Amino acid sequence: MQLLMMGPPGAGKGTQAAKLVKKFSIPQISTGDMFRAAVKEGTELGKAAKACMDAGKLVPDEVTIGIVRERLAKDDCKNGFILDGFPRTVEQADALKKILAELGMKLTQVLNIHVPAEDLIERAVGRRICKNCGATYHVKFHPTKVAGTCDDCGGELYQRGDDNEATMKKRLSVYEASTRPLIDYYKGAGIYTEIDGRQAIDKVTEDLVSVLSSVKD
Ligand code: ADP
Ligand code: ADP
Ligand code: ZN
């Protein structure tokens, strides 16, 4: 299954992709996670990405497309994958189509998690991530049993530098201008489904799995 998880920042893409990884045993490919790992390692890619991320802007298409091209060519993608946070521009979507064609693949389904703009800032500002395993929590909507400590691995939680109100406003306007047009792009391809992301986390997963159960591989 070649899946694309779409939705504005904070919609729940990463949370849901992690659940589908467990269910379908296919890798999650999150460009945001890849950029954050590069920033942490201090690589050239990390240096190029950091300024854009801190400003709530997109990393340039040629950089982003390059890392996805490399990632999709790896062996673990042969049985499928879940793209999370890529593509975010029409140029990236066109490039993805080409990359997949070169690999003899195509997208099975585009899953767009819909959450109204007014909920997204609260979701992002309350987001907390495990330093150790990357699990995502929320101070109000998905709290850990012990404050500041990951339920899964006991790791320490942190808050992303770009998960503040000002940067989130910028990210939402970038989403409207550059990423929302992809909805029409994929609607035209007949593989697009919208899921109500305002529901509880497990209900959203249920809806996603139900869509996927009726989709042909
Ligand atoms: P994205 O990857 O789309 O940016 P995340 O999966 O990281 O979004 O979720 C953003 C924040 O919202 C996280 O703190 C997460 O725990 C929380 N969250 C995710 N799904 C839901 C939901 N259905 N209801 C309430 N909060 C949610
Ligand atoms: P969220 O889902 O909360 O928006 P991500 O982790 O997906 O967060 O992305 C964080 C940041 O990484 C983005 O604001 C952007 O700077 C950069 N980024 C991630 N994916 C892409 C992409 N496909 N194209 C350009 N920049 C990206
Ligand atoms: Zn953890």
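Whatever order the structure lists ligands and atoms in, that order sets their numbers, starting from 1. In this text the structure is predicted, and so the values were computed from the model without any measurement.
Looking at Thr144, Val146, Val139 one by one, the single match for side chain to side chain contact (heavy atoms under 4.5 Å, CB included) with Leu157 turns out to be Thr144.
In this structure, of Lys13, Arg88, Met5, the residue bringing a heavy atom nearest to atom 7 (O) of ligand 2 is Arg88. For atom 21 (C) of ligand 1, the nearest non-hydrogen atom from the set Ile129, Val204, Ile201, Thr136 comes from Ile201.
Taking atom 3 (O) of ligand 2 as the reference point, the nearest protein heavy-atom neighbour is Arg171 NH2, 2.6 Å. The protein atom (non-hydrogen) at minimum distance from atom 26 (N) of ligand 2 is Val59 N, 3.0 Å. Shortest contact from atom 27 (C) of ligand 2 to any protein heavy atom: Phe35 CE1, 3.7 Å. Closest to atom 6 (O) of ligand 1 among all protein heavy atoms lies Thr15 OG1, 2.5 Å.
In this structure, Gly7 has no heavy atom closer than 4.0 Å to ligand 1.
In summary, the atoms of ligand 2 found under 4.0 Å from a heavy atom of Arg36, numbered by their order in the structure, are 6 (O), 10 (C). In summary, the atoms of ligand 2 found under 4.0 Å from a heavy atom of Pro9, numbered by their order in the structure, are 1 (P), 2 (O), 3 (O), 4 (O). If you number the atoms of ligand 1 from 1 as listed, the ones under 4.0 Å from a heavy atom of Gly14 come out as 1 (P), 2 (O), 6 (O). Of all atoms in ligand 2, listed by their number and element, those nearer than 4.0 Å to a heavy atom of Arg127 are 3 (O). Those atoms of ligand 2 with a heavy atom of Gln92 less than 4.0 angstrom away are 22 (C), 23 (N), 24 (N), 25 (C).
Annotation: Asp162 places no N or O atom under 3.5 Å from an N or O atom of ligand 2; distance criterion only. Backbone and side-chain nitrogen or oxygen atoms of Asp33 are examined, and none is located within less than 3.5 angstrom of a nitrogen or oxygen of ligand 2. Ligand 1 has no N or O atom lying under 3.5 Å from any N or O atom of Gly126, backbone or side chain. No N or O atom of Phe86 sits closer than 3.5 Å to an N or O atom of ligand 2.
Asp94 and Tyr185 form a side-chain donor-acceptor contact under 3.5 Å, judged by distance and modelled atom types alone. Side-chain atoms of Thr193 and Gln109 form a donor-acceptor pair, as typed in the model, at a separation below 3.5 Å. Inspection of the Thr167 and Asn164 side chains reveals an N or O donor paired with an N or O acceptor under 3.5 Å.
Residue contacts with ligand 2 for Arg160 involve side-chain atoms from C-beta outward but no N, CA, C or O (heavy atoms, distance under 4.0 Å). Contacts between Arg123 and ligand 2 below 4.0 angstrom, taking non-hydrogen atoms only, are absent altogether. Using a 4.0 Å cut-off between heavy atoms, Thr64 contacts ligand 2 through its side chain alone, with no backbone atom that close. Residue-level proximity to ligand 2 for Lys57 is carried by the backbone, the only part with a heavy atom below 4.0 angstrom. Contacts between Gln199 and ligand 1 below 4.0 angstrom, taking non-hydrogen atoms only, involve the backbone exclusively.
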Kindly determine whether Glu156 and Asn132 satisfy side-chain hydrogen bond (donor to acceptor under 3.5 Å, both in side chains), including the steps that lead there. CA-CA 7 Å; Glu156 192 189 332; Asn132 182 45; over 6 Å; no
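Put simply, the side chain of Glu70 never gets that close to the backbone of Ile65: no donor and acceptor are under 3.5 Å apart. Although no hydrogens or angles enter the test, the distance criterion places a donor-acceptor pair under 3.5 Å between the side chain of Thr31 and the main chain of Gly85.
The pair Asp207-Lys203 meets the salt-bridge criterion, since a charged nitrogen lies less than 4.0 angstrom from a carboxylate oxygen.
Our summary of the site lists the angle at the Zn ion (ligand 3) between SG of Cys150 and SG of Cys130 as 110°, to the nearest 10 degrees.
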